[in-house]
Each structure stands twice: as structure tokens, then as C-alpha cells.
Amino acid sequence: MEKIITMMGPMLDGVNVTLQMFFITLVLSLPLGLLLSLARISKYKPLSFLVETYIWLMRGTPLMLQLLFVYYALPLVPYIGIKLPDFSAAILAFVLNYAAYFAEIFRGGIQSIERGQYEASKVLGMTYVQTMRRIVLPQVLKRVVPPISNETITLVKDTSLIYVLAMNDLLRTARTIVQREFDMTPFIIAGAFYLAMTLVLTWGFNKLEERYAAYDE
Amino acid sequence: MKMIRLKNIHKSFNNLEVLKGISLEVAQGEVVAIIGPSGSGKSTLLRCLNRLETLDKGTIEVEGEILAAEGPDGKCQYVSEQKAREICFKMGMVFQQFNLFPHMTVLDNIIEAPMLVKGIKKEVIIPEAEELLKKVGLFEKKNSYPSRLSGGQKQRVAIARALAMKPDIMLFDEPTSALDPELTGEVLKAMRQLALEHMTMIVVTHEMAFAREVAQRVIFMDDGDIVEEGTPEQIFNNPQHVRTQAFLKSML
Ligand SMILES: Nc1ncnc2c1ncn2[C@@H]1O[C@H](COP(=O)(O)OP(=O)(O)OP(=O)(O)O)[C@@H](O)[C@H]1O
Ligand SMILES: [Mg+2]
């Protein structure tokens with residue numbers, strides 16, 4: 001018992017790192033993903049092509065590679081090369097990666113809105129921006145809740161990848177203690193934490209879906 | 001006064017010429033019914049009017065203001081986006097598929113555009129919207145979402161929504177075609193009421209009885225052209241063109 005209590009200190013620090021990674025990534029990558037999706041469906045071809053390429057790169061290479069690239073290779077790039085501290089590097093890589101996935105989800109949602117909605121808005125005199133903001137995006141939000149929820153739960157677990165930058169997140173802390181003490185408890189605690197977090201998120205997203213159920217389509 | 005003036009309208013999709021040089025004038029307070037076989041270009045004509053489709057050639061004038069005109073190169077040129085929007089929201093449109101906003105209540109559907117586009121205050125527009133809902137007989141549904149309404153009710157909300165922008169002209173594209181037969185009556189009634197109030201209306205319809213009773217002028221379109229036009233008596237009782245005759249026979 002005493003052993004578990006002494007473990008809890010470093011484990012909680014690990015939880016803190018994991019939670020920060022999770023929330024900062026989510027808060028930054030959702031709006032960025034939305035912007036990217038709008039650029040992706042833009043009628044201005046060079047822009048949509050650029051974003052398409054970006055999404056292909058981000059989804060076509062492992063997040064781990066992107067993480068290593070931002071941390072180790074970015075500083076070597078001429079002119080823009082900057083050496084980021086490990087936490088910032090991890091956030092940057094995660095946000096860039098997750099924004100690409102969210103962008104594709106938003107794009108699917110936007111394109112699933114019937115043409116009649118745009119036509120009705122246009123005939124009523126709304127501009128494109130007004131139509132997106134008041135008519136299209138509110139309906140998109142309802143439709144993307146399930147896939148966003150999936151992606152968010154994946155993010156909880158993906159945060160553990162930052163161990164490659166030797167950052168002491170929950171999982172790496174657990175492993176360090178296990179190796180030092182020859183005791184598996186930290187793994188169980190870590191697993192329980194990820195499960196609890198997923199449970200909370202699932203509950204939250206269910207609430208959101210219920211709220212949107214006020215109207216059916 | 002002429003509310004709408006179309007001159008020599010051309011429109012193609014890819015290589016398919018859908019409108020082959022249509023000219024049409026509609027006077028204030030006039031109710032014009034457009035009839036014709038499927039694919040003849042009736043919807044496209046309406047959609048060109050309020051720039052849901054862009055013209056290839058021709059001129060559109062709404063209430064004396066030019067929306068699109070032939071440029072020096074013979075191609076069609078539109079006025080600025082801002083100007084075009086101001087001209088077009090004088091025309092309300094009702095679609096076959098209603099196109100209500102599913103995430104908004106009936107009342108919100110109606111007040112959204114006046115508030116957003118014209119900047120009308122909520123406390124001013126709500127009584128107006130409620131008045132319109134009473135007119136189409138749906139006041140007690142004002143807080144319902146569209147998914148809870150029948151087709152006929154949806155279409156009446158769509159009419160009220162268009163009217164809330166205080167249009168001078170109403171365009172209807174087969175407003176009853178998606179409805180069960182027993183629900184068309186309530187929508188036609190609302191339209192009849194509008195005609196009695198001297199709203200300028202262009203109605204694409206398969207409802208021959210309605211066209212005969214309410215329209216002052218009936219236009220028969222076929223294959224991208226106006227084949228024949230006249231009063232309901234002329235068109236329905238004494239059609240001149242064989243294609244009109246054949247079409248009317250097929251509608252019986
Ligand atoms: N966006 C489009 N792209 C390509 N072709 C189109 C498009 N819209 C209409 N068409 C074609 O143009 C022709 C005229 O269509 P339109 O919808 O105007 O006919 P309509 O008279 O309204 O017919 P209906 O009675 O079936 O509604 C049809 O052949 C149709 O397939
Ligand atoms: Mg049609």
C-alpha cells in the first residue's frame with residue numbers, strides 16, 4: 001500500500017502531461033481542421049490542391065514519424081529551422097496531424113448537406129459566409145459528432161506516443177516504475193486511467209448527441 | 001409596370017441546350033403558370049431568374065433593374081454580387097422539396113433571413129412572422145421542428161418563410177409535386193390567397209385545374225422554348241399547337 005502511495009506522485013505528474021497533450025491538441029486541431037476543410041472545398045483550385053496534399057501527407061505517414069521529424073529534423077531545415085522544446089514539438093506534431101483527420105471529417109459533413117439548403121439560403125439573400133455560419137455548419141456539427149468522438153478517443157491513446165521524445169507522460173512513467181520496482185501495478189493504474197478517460201468522453205459525446213437529437217432530419 | 005423582363009435567354013448544361021432563347025415579360029400582380037413536359041426547362045427558367053443558374057446569353061431585368069445583360073463580347077454579364085443579391089431577394093422562391101432548415105424551429109426558419117440579411121430586429125420580425133404563420137394556418141406549430149410537420153405543412157412554412165422577406169414576386173417550382181394528393185389542397189389554398197392579394201407570381205405546375213383557375217396567363221414550354229402562351233381559356237380550351245394539344249391530352 002505504501003508503495004502505491006509513493007508511486008502516485010510521479011504517476012499523477014504523468015497524468016498531467018497526458019491530459020495537457022490531449023486537451024491542447026483537441027482545442028487547437030478542431031478549429032484548424034474546420035478551416036482546412038473549408039479550404040479543401042474551396043473553388044480556388046490551388047488552395048484546395050495544397051490542402052489536399054497536406055492531408056495526404058499527414059494521413060499517409062505515421063504520427064510517430066511526424067513527431068520525430070518536428071523534434072529532430074525541423075531544427076535542421078535551412079532558414080526556418082527552429083529547435084522546439086519537447087512539449088511544444090509534440091503539440092505541433094499532434095495538432096498538424098489531428099487537424100488533417102478532423103478536416104476530412106468536417107469535409108464529409110459539409111458535403112453531406114443537401115444542395116437545397118444552399119439554394120434556399122441564397123434565394124433568401126444570404127451570403128456564402130452567412131449560409132455557412134447559420135445554416136450549413138450547425139447541421140454539420142450534428143452529423144460529425146460520432147466520427148469526431150471516435151477520433152477524440154483515439155487521441156487519448158495516441159498521446160502515449162510522446163514517449164519517443166522521452167517525455168514523462170502517464171505510460172512512460174508507469175514503465176519506468178515497473179522496470180525499477182518489478183511491480184506491474186503502474187500498468188494497471190495507467191490502463192484504468194485511459195479507460196476512465198474514455199468513459200468520460202463517451203458519456204460527454206452521448207450527451208452532445210442527445211442535445212442535437214432535438215431535431216431529426 | 002413590368003416586374004420581370006427576360007430577353008433571349010440561353011442556357012446550356014455541358015452540350016445540352018436547355019433554354020433556347022426565351023423572352024418573357026411579367027406585369028405587376030400577374031399570375032403566370034408555366035406548364036410543359038418533364039425536361040422542357042421549366043425549372044431551369046425559374047432558377048435562371050434568381051441566379052441559381054447563371055445565364056449563357058440574354059438579359060434579365062427585375063423591376064426595371066438590370067441583373068444580367070449582354071456584354072460587348074455577346075456573353076452574359078452580371079451586376080456585382082452585392083447588387084445581384086439585393087435584386088434577387090425581391091423574388092421569393094418555393095421549391096418542390098421545401099428546403100426548410102431542419103435545425104431550426106418553424107418560427108426561426110421564418111425570422112432567420114430577415115434578421116440576417118435585412119438586419120430587422122427580432123422583436124419587430126417575430127410579430128410579423130406570427131402573422132404570416134396565422135395566415136397559412138400554422139401558428140400553433142411555430143415551435144415545432146420541420147421534421148415534425150407533414151409535407152403540406154412544410155410547404156406552407158416555406159411560403160411563409162419566403163414572404164417574410166417581403167418579396168414583390170414569388171416563384172413556385174412545382175410546389176405540390178412532392179405532396180400526397182390529399183395535402184396539395186392546403187398549399188394551393190395559400191397560393192390562391194396570395195394571388196387574391198395581387199402578388200406577382202410565376203408558378204411552374206402540373207396542377208392544371210389550379211393553372212386554369214388562378215393564372216391570368218398560361219405558358220406552354222417544350223424543349224427549351226415557349227411554344228404557346230395565352231389565357232387559360234385559350235390554352236386549355238383551344239390550344240393551337242399540336243405539341244400543346246398532345247401535352248394536354250397526356251395530362252388528362
Ligand atoms: N445542373 C444540371 N446539370 C446538367 N443538366 C441539367 C441540370 N439541371 C437540369 N439539367 C437538364 O436540363 C433539362 C431541363 O431540366 P429542367 O429541370 O429545367 O426541366 P423541367 O421542365 O423543370 O422538368 P420537370 O418537369 O421534370 O421538373 C433536363 O434535360 C435536365 O436533365
Ligand atoms: Mg422542374
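Below, chains carry the letters A, B, ... as their sequence lines are ordered, and counting in each starts from 1.
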Heavy-atom contact with chain A under 4.5 Å, split by part of B:F95: side chain
Contact leader toward chain A among B:M91, B:M104, B:E86, B:R161, where contacts are heavy-atom pairs under 4.5 Å: B:R161
Salt-bridge contact A:E104-A:R107 (side-chain N to carboxylate O under 4.0 Å): yes
Contact winner vs chain A - B:E112, B:M93, B:Q82, B:Q97, heavy-atom pairs under 4.5 Å: B:E112
Engaged part of B:L100 at the chain A interface, taking heavy atoms whose separation is under 4.5 Å: backbone
Part of B:F89 within contact of chain A (heavy atom distance under 4.5 Å): both
Side-chain ion pair, A:E119 and A:K122, N-O less than 4.0 Å: no
Test item: side-chain donor near acceptor, A:Q66 and A:T61, under 3.5 Å: yes
Reported CG-to-CG distance for the pair A:L96 and A:L28, which is rounded to 0.5 angstrom: 10.0 Å
Step-by-step salt bridge (charged side-chain N to carboxylate O under 4.0 Å, His left out) determination, B:E17 to B:K57: CA-CA 12 Å; B:E17 194 173 23; B:K57 244 180 96 186; over 6 Å; no
For chain A, the option from B:E81, B:R148, B:R51 that forms the most heavy-atom pairs under 4.5 Å: B:R51
